Structures are given as structure tokens and as C-alpha cells.
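Notes for the one structure printed next.
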Amino acid sequence: MRITVDAERCIGAGMCALTAAEVFDQDPDDGHVLLLRAEPPAVHRAAAQMAAGVCPSGAITINGPESSGS
């Protein structure tokens, strides 16, 4: 799994940081998404996938397998 974010598209809702705090955070200045782990370990992949699904602006893109291995 590889995650990319489009901070320009982000509206600062914070759903990603609330859903997967180990993978996403919010910029303290503008509230836009900060990607903490572009290739999260398996234990955080389900939450990252869910965060992408609940993002209201579609600023999070996930490529690759949903989860397997480390």
C-alpha cells in the first residue's frame, strides 16, 4: 500500500487524522492533511483505507494492495 495526498484539494475536515492518527495529521497552520506514513505498516492499513473512504474532498489516494504482509 502506498498513500498519496493532495493538500491543495484537502478542505481540512480532519476525518483522516481522527480515523488513522498514526498515518495522518493536520497542519497546525492551515488544517490541511499531513501524511505521516506513505507506506504504513500492516497494522495501520485498514484505518488508512477507511480514512481515504471518509475524506469528504477525496484528497487521499491509496495505491496497491489493501493489506497483506508487513
Side-chain angles (χ1 to χ4, degrees):
M1 168 186 279
R2 177 139 183 95
I3 302 170
T4 56
V5 298
D6 183 348
E8 297 291 320
R9 189 172 183 171
C10 176
I11 61 170
M15 295 304 295
C16 56
L18 292 172
T19 305
E22 296 81 9
V23 180
F24 303 99
D25 200 354
Q26 287 184 276
D27 186 300
D29 294 327
D30 63 13
H32 290 169
V33 62
L34 291 175
L35 181 59
L36 302 176
R37 295 179 180 201
E39 297 182 20
V43 69
H44 299 305
R45 290 179 185 168
Q49 189 84 33
M50 185 179 299
V54 298
C55 176
S57 65
I60 301 169
T61 302
I62 295 181
N63 297 299
E66 184 171 317
S67 64
S68 66
S70 56

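Side chains included, hydrogens not; waters and symmetry mates left out as well; all remaining heavy atoms used. None of these values were measured; they are calculated from a predicted model.
For the pair Arg45 and Pro40, the minimum side-chain heavy-atom distance is below 4.5 Å. Within the 4.5 Å cutoff, the side chain of Phe24 has heavy atoms near those of the Leu35 side chain.
Listed by chain and number, the residues in a side chain to side chain contact (heavy atoms under 4.5 Å, CB included) with Cys10 are His32, Val33, Ala59 (sequence neighbours excluded).
When all heavy atoms of Ala51 and Ile60 are compared, the pair lying nearest together is O-CD1, 4.0 Å. Gln26 and Ala17 get closest at one heavy-atom pair: CG-CB, 4.3 Å. Of all the heavy atoms in Ile62 and Ala48, the pair that sits closest is CD1-O, 3.5 Å. Contact between Pro56 and Ala13 at its shortest, heavy atoms only, is CG-CB, 3.7 Å.
Hydrophobic clustering (ILVMFWY, side-chain heavy atoms < 4.5 Å, transitive): Met15 and Val5 are in distinct clusters.
Within the structure, every pair that satisfies the salt bridge (Lys or Arg N to Asp or Glu O under 4.0 Å) test and touches residues 29-42, not counting sequence neighbours, is listed here: Arg2-Glu39. Among residues at least two apart or in separate chains, there is no side-chain hydrogen bond (donor to acceptor under 3.5 Å, both in side chains) pair with a member in residues 51-61.
From Gln49, atom CD reaches atom CD1 of Ile3 across 8.5 Å, with rounding to the nearest 0.5 Å.
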